[in-house]
Amino acid sequence: MQIAPSILSADFAHLAAECERVAGASDWLHVDVMDNHFVPNLTIGLPVVQSLAKAVSTPMDCHLMIEDPDRWAPQFAEAGAGSVTFHAEAANAPVRLARTIRAAGARAGLALNPATPVEPYADLLGEIDMLLLMTVEPGFGGQPFLDLVLPKVRRARQLLRDRDSKVWLQVDGGVSEHTIERCAQAGADVFVAGSAVYSADDPAAMVRRLRTLAQAAAAD
Ligand code: DX5
Ligand code: ZN
């Protein structure tokens with residue numbers, strides 16, 4: 001059970017310090033890259049990721065909500081991200097892209113929007129290290145969790161089980177102390193949380209609480 005706080009909800013004027021607030025408690029720092037084309041929002045890009053790679057010790061989990069990830073994603077791996085996730089809806093050649101990311105030394109993640117079915121990607125599972133199922137429409141932090149994605153999380157977990165796969169199953173969007181147990185019970189094992197972590201009085205304590213809740217729910 002891994003927790004990846006999303007720095008989208010952090011104070012961008014003090015980004016390195018905000019990362020440090022959760023560093024000891026977190027498995028990954030989730031970095032949301034948005035280009036105002038694939039999603040309506042615009043956040044941070046490659047130069048900020050390059051700087052963060054030097055400033056923070058927690059590995060970065062870069063979630064690229066951008067058009068043309070085939071062109072840009074490998075550079076995030078080369079910048080030092082430990083994991084680079086691109087969207088199936090945006091990639092032209094997902095197999096080639098996943099192989100390029102892995103060759104650059106990062107874990108490769110494939111993300112699916114709420115309306116994108118997982119079954120067409122079953123044969124690609126051997127090419128990736130993580131499958132990200134969005135539990136909101138991508139673009140903004142602080143949106144309500146979409147329960148309608150949970151059946152897909154269960155089906156994805158079954159696909160992984162059938163293949164004896166070690167691919168991680170990540171959920172992102174609306175994950176909080178109120179929703180994380182449902183995600184864990186459905187089979188997710190990596191949890192992104194932005195507003196839930198950074199709106200807490202003690203963000204690191206919230207990360208630990210989320211992990212405890214996920215572990216208990218999965219063990220049920
Ligand atoms: C949404 C982003 C998420 C976002 C999650 O498009 O991919 O990572 O930061 O924020 P919360 O946890 O507030 O829904
Ligand atoms: Zn994200």
| said: With a 4.5 Å cut-off on side-chain heavy atoms, are Val49 and Cys62 touching? | reply: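 Counting from C-beta outward, Cys62 and Val49 do come under 4.5 Å.
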| query | Do Val33 and Phe76 have side-chain heavy atoms sitting under 4.5 Å apart? | reply |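 Val33 reaches Phe76 side chain to side chain.
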Under the side-chain contact (heavy atoms from CB on, under 4.5 Å) rule, collect the residues that match up with [X], sequence neighbours excluded.
X      : answer
Tyr121 : Ala88, Leu110, Leu112, Thr116, Leu124
Pro151 : Arg154, Arg155
Ala106 : Ala77, Val84, Ile101
Ala53  : Met60

To the nearest 0.5 angstrom, please state how far the [atom1] atom of [X] sits from the [atom2] atom of [Y].
X      : Y      : atom1 : atom2 : value
Glu67  : Asn92  : CD    : CG    : 10.0 Å
Met65  : Phe140 : CE    : CZ    : 10.5 Å
Leu97  : Trp72  : CG    : CH2   : 13.5 Å
Thr100 : Glu78  : OG1   : CD    : 9.5 Å
Cys183 : Asp189 : SG    : CG    : 11.5 Å
Leu150 : Thr179 : CG    : OG1   : 9.0 Å

Membership question, hydrophobic clusters at under 4.5 Å side-chain separation (ILVMFWY): are [Y] and [X] in the same one?
X      : Y      : answer
Leu132 : Val149 : no
Val95  : Leu159 : yes
Phe145 : Val136 : no
Val175 : Leu169 : yes
Met134 : Leu148 : no

Search all heavy atoms of [X] against all heavy atoms of [Y] and return the closest pair with its distance.
X      : Y      : answer
Leu46  : Ala79  : CD1-CB, 4.1 Å
Val56  : Cys19  : CG1-CB, 3.5 Å
Ala115 : Pro117 : O-CD, 3.5 Å
Pro114 : Glu137 : CD-OE1, 3.7 Å
Ala25  : Val207 : O-CG1, 3.3 Å
Ala156 : Val118 : CB-CG2, 4.2 Å

| request: Sort out for me which residue in Val192, Ile180, Val22 forms a side-chain contact (heavy atoms from CB on, under 4.5 Å) with Ile3. | output: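 Only one option passes, and that is Ile180.
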Mind listing the side-chain donor-acceptor pairs of residues 4-16 below 3.5 Å, one per line with the distance, residues two or more places apart or on another chain?
| unit_1 | atom_1 | unit_2 | atom_2 | d |
| --- | --- | --- | --- | --- |
| Ser6 | OG | Leu8 | N | 3.2 |
| Ser6 | OG | Asp32 | OD2 | 2.7 |
| Ser9 | OG | Ser195 | N | 3.2 |
| Asp11 | OD1 | Ala13 | N | 3.0 |
| Asp11 | OD2 | His14 | ND1 | 3.0 |

| request: Report the hydrophobic cluster partners of Trp168, with the cluster defined as I, L, V, M, F, W, Y residues connected by side-chain heavy atoms closer than 4.5 angstrom, directly or transitively. | output: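 Direct or chained contacts put Trp168 with Trp28, Met130, Val190.
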| request: List the steps, then state whether side-chain hydrogen bond (donor to acceptor under 3.5 Å, both in side chains) holds for Gln170 with Asp61. | output: CA-CA 11 Å; Gln170 185 179 59; Asp61 165 32; 2.9 Å; yes
| task | Identify, with sequence neighbours excluded, every residue that meets ring pair (Phe, Tyr, Trp, His ring centres under 6.0 Å) alongside His87. | result |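 Partners of His87 by the ring pair (Phe, Tyr, Trp, His ring centres under 6.0 Å) criterion, ordered by chain and then number, come out as Phe38, His63.
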Just grab all the side chain to side chain donor-acceptor pair (under 3.5 Å) pairs involving [range], residues at least two apart or on different chains.
range            : result
residues 208-220 : Asp27-Arg211, Glu177-Arg209
residues 38-50   : none
residues 140-151 : Asp147-Arg182

| said: If you count heavy atoms of other groups shown closer than 6.0 angstrom to CZ of Arg163, is the number above 12? | reply: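 Count over threshold, so yes.
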| said: Tell me whether Asp123 at atom CG has more than 12 heavy atoms from other residues, nucleotides or ligands lying less than 6.0 Å away. | reply: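 Count not over threshold, so no.
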| request: For Glu18, enumerate each residue passing the salt bridge (Lys or Arg N to Asp or Glu O under 4.0 Å) test, keeping only those at least two apart in sequence or located in another chain. | output: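 Checked Glu18 against salt bridge (Lys or Arg N to Asp or Glu O under 4.0 Å); matches are Arg21.
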| message | Applying salt bridge (Lys or Arg N to Asp or Glu O under 4.0 Å), can you list everything that pairs with Arg102, at least two apart in sequence or on another chain? | response |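 Arg102: salt bridge (Lys or Arg N to Asp or Glu O under 4.0 Å) contacts with Asp129.
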| query | Short question: side chain of Arg157, backbone of Gly187 - any donor-acceptor pair under 3.5 Å? | reply |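 Yes, the answer is positive, given that a donor and an acceptor are paired below the 3.5 Å cut-off.
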| Ignoring hydrogens and geometry, is there a side-chain-to-backbone donor-acceptor pair from Ser165 to Arg161 under 3.5 Å? |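 Side chain of Ser165 to backbone of Arg161, a donor-acceptor pair under 3.5 Å: no, none is there.
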| Steps toward side chain to side chain contact (heavy atoms under 4.5 Å, CB included) verdict (Phe191, Met1) | CA-CA 8 Å; Phe191 306 86; Met1 292 293 163; 3.4 Å; yes
